[in-house]
Amino acid sequence: MTAMVVLDTVFPAAMIGWLLSQVLGVVIAKWLTPSSIAPRIRQQRILMVAFSAVLLPLVMIAAILAANLFLSSEWMASHCGTHSHDHMHACLNSAEQGALPAWQGAVALLALVMVMGSLVRTLLTERRLQQRLQALITLSNGQGRFRRLQDTRAVALAVGGGEPAVLLSSGLLNSLNPHQRRIVLAHESAHLRHGDPRRNRLVVLLLALFIPPLAKRLRAVWENALEEAADDAVAQRFNRFDVAETLLRVLSLQQLHMKGAQSVNSGDTQARIQRLITPHQVHPVSGRLFEWACLMVLPVMLVAVLVQHHAIETLLSWLGA
């Protein structure tokens, strides 16, 4: 594959796929993740849109180049013969690709730099966070999943990685009664059972591929869904009002909160307390039908772009005109 093909065909196709993922992110954040939907379904939808920033560009690249599988067919020969010299030709055996217009190249390069810069910053931030969490585990007492920190500050964290653990500080434990301690421990244990630390790292990295305001909105929805799912798990064992009271108590005590780590005071705390103390009805919507429909869009999109190969080339040529 020549550099000209990459510049004139692969890169624009990937940019279109990336833009489609941003549109999908806006739709998901604004209309398809209301608080009335169960936290599990909101998590599924955020995961889906997070992966779309990788999958949709790949699908567009595969679709625009898939015509090269039919190089020996009459359709491909006829297709290649219909091109004019000023028309984009997304075929690997063609020498007719035109130069990428300066404005289009500048916009694409700016978008690429922005996305890659965001990804690098997120990787570095996550690395520093994991180093701090591992340092806390090293300083903690005990073995297994439940560790105690000798710290006067109120700390409650669920830590993933190679050594999953719940970190509770002596300052927090000494400030809670036995019943509240069990609630906090159950909440953080729910995060570990759900695999939240590991999934959170993945989602944070994928959301770095979105424009910052949208990534922030999607991350807030994701964090609230994680915390509400853990709250629901605890509320199945304890009284909901006791859980809300404990959450308020921990919120008043907790001074150390690591962004990106699962803590009992993460997410929209006020909304979580209101949700616990107010009877609410979860919308009886099934997440599987929506997610399966979205997954089916990927092969359908690939086939559609393949069938409309010439039309897509015309569109890309028009955009670059």
Side-chain angles (χ1 to χ4, degrees), residues 14-35 37-61 107-133 157-161 191-192 194-230 257-263 265-269 271-272 287 290-291 294-295 297-298 301:
M15 288 302 300
I16 290 178
W18 179 77
L19 289 174
L20 288 174
S21 72
Q22 307 305 296
V23 173
L24 179 61
V26 172
V27 172
I28 292 289
K30 191 169 185 179
W31 292 292
L32 297 180
T33 51
S35 58
I37 294 180
R40 177 185 60 83
I41 296 177
R42 276 178 275 156
Q43 292 174 35
Q44 290 176 355
R45 294 184 177 181
I46 296 298
L47 274 170
M48 179 194 67
V49 75
F51 274 106
S52 73
V54 175
L55 293 178
L56 289 180
L58 290 177
V59 168
M60 287 300 298
I61 292 171
V107 171
L109 181 61
L110 179 62
L112 180 63
V113 170
M114 180 188 71
V115 171
M116 295 307 297
S118 176
L119 182 60
V120 170
R121 287 195 304 271
T122 302
L123 285 169
L124 294 176
T125 301
E126 283 297 304
R127 181 182 178 184
R128 288 193 295 266
L129 173 62
Q130 294 306 313
Q131 289 174 342
R132 293 181 64 189
L133 292 175
L157 297 172
V159 182
H191 280 306
L192 291 186
H194 299 164
D196 290 346
R198 172 178 47 82
R199 294 192 302 149
N200 187 64
R201 288 197 300 274
L202 175 62
V203 169
V204 167
L205 291 177
L206 290 173
L207 290 183
L209 300 175
F210 289 78
I211 57 177
L214 179 57
K216 183 178 179 180
R217 175 74 178 273
L218 291 170
R219 183 166 178 171
V221 174
W222 169 256
E223 289 181 350
N224 286 336
L226 292 182
E227 294 304 323
E228 289 180 11
H257 171 53
M258 293 185 177
K259 186 175 182 181
Q262 272 54 65
S263 173
N265 72 334
S266 297
D268 188 341
T269 309
R272 289 169 55 198
F290 179 83
E291 276 69 47
C294 290
L295 288 176
V297 167
L298 297 177
M301 179 186 295

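All values derive from a computational prediction rather than experimental measurement.
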request  = Return the minimal non-hydrogen interatomic distance between Ala208 and Thr122, and the atom names on each side.
outcome  = CB-OG1, 3.3 Å
request  = State the CD1-CG distance between Ile28 and Leu218, to the nearest 0.5 angstrom.
outcome  = 8.5 Å
task = To the nearest 0.5 angstrom, please state how far the CD atom of Gln22 sits from the CG atom of Leu209.
result = 8.5 Å
key: Over all atoms of both residues, closest heavy-atom pair of Arg42 and Ala225   = CB-CB, 4.0 Å
query = How many angstroms lie between CD in Glu228 and CD1 in Ile37, if you round to the nearest 0.5 Å?
reply = 11.5 Å
Side-chain heavy atoms of Leu202 within contact of Phe51, under 4.5 Å = yes
inquiry  = When you measure from the side chain of Arg219 to the backbone of Leu207, do you find a donor-acceptor pair of N or O atoms at a distance under 3.5 Å?
reply    = no
query = Should Leu47 and Trp222 count as side-chain neighbours, where that means a heavy-atom distance under 4.5 Å?
reply = yes
Gln43: partners by side chain to side chain donor-acceptor pair (under 3.5 Å), with sequence neighbours left out = Arg199
message = Measuring from atom CZ of Arg272 to atom OG1 of Thr269, what distance do you get when rounded to the nearest 0.5 angstrom?
response = 5.5 Å
ask   = Do Asn200 and His191 touch side chain to side chain, with heavy atoms closer than 4.5 Å?
value = no
query = What pair of heavy atoms forms the shortest contact from Ile46 to Val203, and how long is it?
reply = CG2-CG1, 4.3 Å
query = Would you say the side chain of Leu192 lies within less than 4.5 Å of the side chain of Pro197, judging by non-hydrogen atoms?
reply = yes
ask   = Backbone N or O of Thr33 within a donor-acceptor pair of the Arg45 side chain at under 3.5 Å?
value = no
note = What one should report as the nearest heavy-atom pair of Pro57 and Ala14 is CB-O, 3.6 Å
request  = Check whether any side-chain heavy atom of Met114 sits under 4.5 Å from a side-chain heavy atom of Ile211, and report yes or no.
outcome  = yes
ask   = How long is the gap from OG on Ser118 to CG on Leu205, to the nearest 0.5 Å?
value = 10.0 Å
message = On a heavy-atom basis, which atom in Ala53 and which in Phe210 lie closest, and how many Å separate them?
response = CB-CE1, 3.6 Å
message = Let me confirm one number: the CG-CG distance from Leu124 to Leu119, rounded to the nearest 0.5 Å.
response = 9.5 Å
